[in-house]
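Remarks on the structure that follows.
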Amino acid sequence: MSSPAKATPPMIRLVGVHKRFGSQPVLKDINLEINRGEVVVVLGPSGAGKSTLCRTINRLEPIDAGRIEIDGVALPAEGRALARLRADVGIVFQQFNLFAHKTIVQNVALAPVLVRKLGKADARQAAMQLLARVGISDQADKYPAQLSGGQQQRAAIARALAMRPKVMLFDEPTSALDPEMVQEVLDVMTSLVQEGMTMLVVTHEMGFARRAADRVVFMSVGEIVEDSPPDQFFTAPRSDRAKDFLGKILTH
Amino acid sequence: MIELLVDNRDLFLTGFRNTILLFLLAGIGALVVGTLLAAMRVSPVPVLRLLGGGYVNIFRNTPLTLVFFFFAFAYPRLDLLDVSFFTRAVLALIVYTAAFVCEVVRSGINTVDVGQAEASRALGLTFTQTLTTIVVPQAIRSVVPPLTSVLNALLKNTTVAAGFAVAEAGQITPTLSERGASVLIGMVWIAIGFLILVIPLTATQRTLEKRWSVAR
Ligand SMILES: Nc1ncnc2c1ncn2[C@@H]1O[C@H](COP(=O)(O)OP(=O)(O)OP(=O)(O)O)[C@@H](O)[C@H]1O
Ligand SMILES: [Mg+2]
C-alpha cells in the first residue's frame, strides 16, 4: 500500500472493520484503501456483506469495531460533523430512493440549498445542468413516480453529484432496472469514471467491472477474499470461492 | 324548544365559547407537544426514545379524569405557578391528548419508506431537516384521518372540564336544572351544538385529504 504521494491520504480507508447484526457477523476484519480517482468494483454472492460495506462508509450502518476514514478524516459519530462528512460522500441506492413528494429538479436542488447553503436560484440552475448531463432535463418538473426506472436512477445520480462529493458509492445501481435501461445508467457511471471520480461500485455487471474498474474486490461471507486488477481476477482468480462465483456468473 | 335556548342564551353562549376556547388551545398545544414527542420517539438518541415512549405509555393508559384530578388537587400543592382553573383544564387536556397525537404522528412516520430518510441523511441533512422536509410532509397524508378522530375525542373531552368549575358546555345542564328549565331539551341543544362544532373539523379533514392526494 505505498502510494507514490505519501502526503495525500487515501480517499477511503477501512482498518479492521467489524460489523454484526445480532449474533451474525456480517463484516469480518475488513481492510480496504481506495485512492483518489480510483474505481473499485465489489463483487460477491448474495449475503456477502457488499451492501453493508457500502453503508458503513457513510455510517448509515454504525460499525462494532475498527476505523473508517474519508480523505484522512475519521468518521464522526452522530451529529453535525457526521452530516457534514456525509455530504462529501455520494451514495446511489438500488431502489433509487428519490424523494417521492418532490419533483426531479427539487430532488437535485434540495440538499445543496439545505446543506451547502446555496441560493435557491443557483441551486436550481446547477440542478438543471446536472439533469442535462445525465440526459433527463425534459423530466425536471415531473415527480419520481412518473419516470422510468432508468430515468429515476439517473436523477438519483444527479442528486448525489449536486453535492460535489469527493467519492461516490453505488450499491447495485442497475439491479432493480429492466434490462433495456441498464445501459443508460452504466453510461452515466462510465462518464464519471472518465472524469476521474473516486468510486466504489457494488454490481453484477461484469462488463462494467472489466472495462471501468482499477481493482476488483471479491467478498464472501463478510470477508474480502481477493483484491486484484480486473484482468487478473477474471482470468486467474486465486481462491476457490472466487472461481466458484465466476463459474456461476459466467455460465449465465 | 327554541324558547329554552333564547331564555338561557347567556348560559349557552359562555358554555360553548369556553368549549371552543378549551378545544382550540388544547388542540394546538397537543399537536405541538405530540409532534415533539413523536420526534423524540424516532430520534437516534436512546434516552429521548425512552422518555417519549414512557410518556406515551403512562398517559395513554391513564383515565382522563385522573389527569384532571391531578391538575385540580395535586398541582396547587406543588408550589408551582398559580394558574386559573381554566388554564389547568387546558394543561390537563394537552398532557392527555399529546400522547394520542404522538402515536398517530409516529405511525404516520412509519408509513414512509425508510429509504427516504436514508437518502436524506446520506445527502448530509440533519435529523431535524430530514424529519421536517422529507418524512413529515409524506407522513401527513396518512396522519390526517386518525388525527381528526383524536381531535374529535378532544372536543368531547372538554366536557370533563365541567368538574373544574370551568363553565363550558358540559356545565350547562346542571345550571339549567337549577333554573328549573327542562334538562332534556337542554341536552338536545348541547348535542346539536357539538354536532355543529364537529362539522368544520370533518370539513377540514376532507379538504386536506383531497389536497394531499393530488400532490403526488
Ligand atoms: N438490517 C439488517 N438486520 C439484520 N441482518 C441484516 C441487515 N442487513 C443485512 N443483514 C444481513 O447481513 C448479511 C449481509 O447483507 P448485505 O445486504 O450486506 O449482503 P449483500 O452482499 O449486499 O447481498 P445482496 O447481493 O443480496 O445485496 C446478510 O446475511 C443479511 O441477511
Ligand atoms: Mg446488497
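So you know, we letter chains A, B, ... as the sequences are listed, proteins then strands, and number each from 1.
Although no hydrogens or angles enter the test, the distance criterion places a donor-acceptor pair under 3.5 Å between the side chain of S191(A) and the main chain of V188(A). Listed for the Q116(B) side chain is a donor-acceptor partner under 3.5 Å among the backbone atoms of A100(A). A distance-only check finds a donor-acceptor pair linking the side chain of E38(A) to the backbone of N35(A) [under 3.5 Å]. Listed for the Q153(A) side chain is a donor-acceptor partner under 3.5 Å among the backbone atoms of F93(A).
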Exercise for the section: I would like to know whether T158(B) and T19(B) meet side-chain hydrogen bond (donor to acceptor under 3.5 Å, both in side chains); could you show each step before the answer? Expected result: CA-CA 6 Å; T158(B) 55; T19(B) 293; 4.6 Å; no
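Residue contact with chain B, scored on non-hydrogen atoms closer than 4.5 Å, is absent for L169(A). When heavy atoms are compared at a cutoff of 4.5 Å, Q129(B) approaches chain A solely by way of its side chain, counted from C-beta outward. In this structure, the portion of I91(A) lying under 4.5 Å from any heavy atom of chain B is its side chain and not its backbone. R116(A) does not touch chain B: none of its heavy atoms, backbone or side chain, sits under 4.5 Å away.
Ranking D113(B), L125(B), I134(B), V112(B) against chain A, the residue ahead of the rest is I134(B), based on heavy-atom pairs under 4.5 Å. Per-residue counts of heavy-atom pairs under 4.5 Å with chain A were compared for V45(B), T126(B), T133(B); the largest is that of T133(B).
Listed by sequence position, the residues of residues 51-64 of chain B in contact with chain A number zero, using a 4.5 angstrom heavy-atom cutoff. Using a 4.5 Å cut-off between non-hydrogen atoms, no part of residues 118-127 of chain A approaches chain B.
Under the 4.0 Å criterion applied to side-chain N and carboxylate O atoms, D71(A) and K166(A) are assigned as salt-bridge partners. By the 4.0 Å N-to-carboxylate-O rule, E69(A) lies close enough to R67(A) to be salt-bridged with it.
For the pair R159(A) and F99(A), the cation-pi test (distance below 6.0 Å, angle within 45°) is passed.
Checking each of K142(A), Q152(A), R154(A) against I136(A) for a side chain to side chain contact (heavy atoms under 4.5 Å, CB included) leaves exactly one that passes, namely R154(A).
The number of heavy-atom neighbours closer than 6.0 Å to CZ of R49(B), taken from other residues, nucleotides and ligands shown, is above 12.
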